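Atom set for the values below is all heavy atoms of this structure, side chains included, hydrogens, waters and symmetry mates excluded. We name chains A, B, ... by the order of the sequence lines, and we start the count at 1 in each one. Owing to the predicted nature of the structure, the values given are computational and were not obtained by experimental measurement.
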2 protein chains.
Amino acid sequence: MNLTERKTKILHAIVRNYLETGEPVGSRTISKYTDLNLSSATIRNEMADLEEMGLILQPHTSAGRIPSDKGYRVYVDEMLREKEQEVDRMQEMLLEKEEKLEKLLQQAARQLALSTNYASMVSLPRAVGNKLKFIQLSRLAHDQLLITVVIEGNIIKNRVIDLDDLEEVLDEQTMLKLNILLNTRLNGLSVEEISLGLIAALKSEAGVHSEIIAQVIDAAAESIRADEGLEIYTSGANNIFRYPELADQQKASELINTFEEKADLRSLAEESLQATAEDNAIQVYIGAESPVQTMQNCSVVTATYDLGDGLRGTVGIIGPKRMDYDKVVSSLKTLTYQLDQIYKRA
Amino acid sequence: MNLTERKTKILHAIVRNYLETGEPVGSRTISKYTDLNLSSATIRNEMADLEEMGLILQPHTSAGRIPSDKGYRVYVDEMLREKEQEVDRMQEMLLEKEEKLEKLLQQAARQLALSTNYASMVSLPRAVGNKLKFIQLSRLAHDQLLITVVIEGNIIKNRVIDLDDLEEVLDEQTMLKLNILLNTRLNGLSVEEISLGLIAALKSEAGVHSEIIAQVIDAAAESIRADEGLEIYTSGANNIFRYPELADQQKASELINTFEEKADLRSLAEESLQATAEDNAIQVYIGAESPVQTMQNCSVVTATYDLGDGLRGTVGIIGPKRMDYDKVVSSLKTLTYQLDQIYKRA
DNA sequence: GTTAGCACTCGATAGAGACGAGTGCTAACA
DNA sequence: TGTTAGCACTCGTCTCTATCGAGTGCTAAC
C-alpha cells in the first residue's frame, strides 16, 4: 500500500480530527483546517479513494468519514516511527521510591489513568527465571511448619503446612539439618530443574523426615507456579464512560467485567510480554487485533518494563479506538523508563 | 410509628411489587394481587396515609408509589425479625476447602454476585489481636536480611532490608542469637505492647547489632500496621447495569470507580465490622444511611464472618434500593455460616 | 487536475397528538 | 363510618411527521 503524500496528510487529518471530536469528519472540515489549500470537492475525491482502500469508512451515507482499524494502524505506525526517541516528561509523576513495589505500581496505574483519561492496567513483574534463592523451614507450633521460599528478584512466598500427628517431633537440630540440606541442594535451581531423581535423592538423605521434604518441595513448587498468573492492577475503568462509543450499557458492562475479573487482562499482559520479549517496544492492538473479545471496540497500547534481575512486567492503556496515540505512547514510554531507572540496581 | 395491620400489608405489597418490577406500583395492582379484597379506591386512601407518613412516595403526580428509604427500612426490619433463624441453603456453593484463603474468598465473592445478581464484596479477615507469633531473621545475601513476621491467625508478612555496608558481617552464631532474642522477648505481644522501654532494653541486649534490632522492630511494626487496611475482593460490579436506576452514566461511573478504588469499600467493611462487633448480625444500609457518598442510591447489606483465632471479616452485597432483601440476607447468612464452619478449628 | 454547483441522502431534533396508567375527589351505598 | 364506583384530571411515554442541515457523489466548467 503506497499512499501519496497528500493522501497521507488527509488521512492523518481525519484521524486527528476524529480523535478530538469523536464525530465523523467531513470534507469541508479537512479543507478548512489543514494547510493543503484544497477545496472540499477535491478532498472528497481523495476521501473516496481512501475509502476504497479500506482506510476510512462512512457510518452512513450522508455522514463524514471515520478511520477504519486499518486506517488507525497506518496512522499509528507512522506516529511510532516519528516518536521513536522522544520521551515526554510525565512531569508530576512523583516517583519517590516507595518501599513496596505493589504500592508503587498501583500508584503508577492510577497516575497513568489520570494523565490520559483512559483506563490503565499494570502487571506485577513476573520472575522469568524462577530460580530458587532461599528456602527456610521454621516451626510455628508443635504441629505447624512455616515454609518461606524466596525466588530470584526477592519475590517471597510463604506457606504453612500441618504436620501429621504421626510425625515425630522435630528438634532444633533436625530443623537445622533440613534447612541446610534444602538450601544446599535446591538453591539456584528453577522448578524445571528439580527432577524426580533429585527429589528421591533428597528424600533418602532426609531419612525419617522424607515426608516433610516431599511436602516442602511440593509447597515450594506450587509457590513458584502460583506466580504464573500475573497480578494485575487497574485504574480509571470508569473513564470508558467518557467515550460514547464505549459507554452504552452492553459494552460498558462487558468491559467493566473484564476489568473486574482480570483474567482477560492477565492474558493480555502475558501476550504483550511475549510480543515484546526482545525489544521493549510499544505494542498497539487496534479493535479486532486485540486478543480480548470484549475489547473489539477499544484500542490497547502496552509497554514492557524491566526491573532487572529477571523481573519484567506490562503496563497498558485501554481506551476507545480514537485514542490520543501520541500522548499514550509518550506516557507509557516515560513510565517504563522511570520504572526501569528506579529499580535497576547500579 | 404504629401501622395498622392493613397498612403494613399494603406497604409490604408495594415494596415487594416494586422489588420485582422496578416500576412504581398503583392502587389497582395492589387491590388485584393481594388477599385483602379491597377496591383500588380504598387502597388509594391508605396509600395517601402511607405517603403522609413518609413511607412511600410518588415520582410524579400521575404515577404509582415507590417505597421511600424509610419505607424500605420498615420492611427490612420486619423481614429481619422473621428471618432470624432461617438459613437458606446456598446449594451449589461448592466450598471444597481451598488451600488458599484468598482464593476461597474471591470465589465466595463471585458466587455471591452470581447467585444474587448484585455486586458483592468480601474483605480478607483482619487479625483483631495483632499479636506477634513468630519472627525470623534470615540472610538472603551478604548485605540483605529477610524478616518474616507471623501474626496471630497465621498471617505472614515478609520484608527485605538492606544492610549498611558499615555493618559488620553477621555470622551464623549472631543470627541465631538475634532470632532467639527477638522471639523470646516479642512473641505474644501486640504492637501496642511494644513500648519504647522494651525496645531500648532489646537494643542494649543486642549490643553492636542494635541498629538491626531497630530496623527489625520497625519492619515488624509496619508489617502489622500495613494490615490495617482491609484487603477487599469484589465481584459482579457490572450487575449494576441490570438496574436502570443505577445504570445511568453519572451514577454508574461513580459506582464503578468506588469498586475499583476500593478505599470506600474498605471503610464500609471497617464500619460494618465495628457495628457487628458483638452479635454477628446482618447490617443493612439503605440509601443515605450508607457511609459511602456514591452509594446514596443503593442499598448495602453486610455480614461478618469469624474464622476463629481472632480473624474476622466482612461480606457484603451492593445493589439497588429495591433489592431482594430476603434472598440477600439468606445468601449472606449461609455464606458466613459456611465460612465459619470451614475454618473454625475443632 | 481542480473546483463550483446542485440534487440527494439520512440522522438528529422538535413538536403534536394519542394513549394510558394512575391519581384525588365526590357522592352513594351498606 | 368505612367502602366503593365513577369521573375529571395529570403527566410521562410513545409514535408520527416535518424540518433542518451536514455531508455526499456527480457533472460541468475552468
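Rounded to whole Å, atom P of C:dA30 lies 17 Å from atom CG of B:Leu38. Atom CD1 of A:Ile30 is separated from atom C1' of C:dT3 by 18 Å (rounded to the nearest Å). Taking atom CG on B:Leu57 and atom P on C:dT23, their separation rounds to 13 Å, with Å as the unit. Here the P atom of nucleotide C:dA21 and the CG atom of B:Asn17 are 15 Å apart, to the nearest Å. In this structure, CD of A:Glu46 is placed 11 Å from P of C:dG1, rounded to the nearest angstrom. The distance between atom CD1 of A:Ile56 and atom P of D:dT24, rounded to the nearest whole Å, is 9 Å. Atom P of nucleotide C:dG24 and atom CG of B:Asp49 are separated by 11 Å, given to the nearest angstrom. One interatomic measurement links the two molecules: CD of B:Glu51 to P of C:dT23, which rounds to 10 Å at whole-angstrom precision.
With distances taken from any side-chain atom of B:Gln58 to the nucleotides D:dT4, D:dG23, C:dG24, the minimum falls on C:dG24. Side-chain atoms of B:Arg65 lie closest to C:dG24 of the nucleotides C:dG24, D:dG23, D:dG12. For B:His60, the listed nucleotide lying nearest its side chain is D:dC11; candidates were D:dT4, D:dC11, D:dT24. For A:Ala41, the listed nucleotide lying nearest its side chain is C:dA4; candidates were D:dT4, D:dG23, C:dA4.
Under the Watson-Crick and G-U wobble criteria, each requiring two contacts below 3.5 Å, nucleotide D:dG12 is paired to C:dC19. Shown here, D:dC30 forms a base pair with C:dG1; the pair counts as Watson-Crick or G-U wobble because both key distances fall under 3.5 Å.
When each of B:Asn45 and A:Thr29 is assigned the nucleotide of DNA chain D with its nearest heavy atom, B:Asn45 is the one assigned upstream, toward the 5' end.
Among the protein residues, A:Ser40 comes within range of no part of the nucleic acid, since none of its heavy atoms lies under 4.0 Å from any strand.
Looking only at distances, a side-chain donor or acceptor of A:Lys327 sits under 3.5 Å from a matching main-chain atom of A:Ser115.
In A:Arg28, the CZ atom is not crowded: 12 or fewer heavy atoms of neighbouring residues, nucleotides or ligands sit closer than 6.0 Å.
Look at A:Ser62 and you won't find any side-chain N or O under 4.0 angstrom from OP1 or OP2 of C:dC10. Phosphate proximity of C:dG1 to A:Arg6: absent, as no side-chain N or O sits under 4.0 Å from OP1 or OP2. For B:Thr61, no side-chain nitrogen or oxygen approaches OP1 or OP2 of C:dT23 to under 4.0 Å.
No hydrogens or angles were tested; on distance alone, a donor-acceptor pair under 3.5 Å links the side chain of B:Arg44 to the base of D:dG6.
In this structure, CD in A:Glu46 is found 11.5 Å from CG in A:Leu11, a value given to the nearest 0.5 Å.
The aromatic rings of B:His12 and B:Tyr75 sit perpendicular, their planes meeting at an angle over 60°, well past the 30° parallel limit.
For the residue pair B:Ser299/B:Tyr325, the side-chain donor-acceptor check at 3.5 Å is satisfied.
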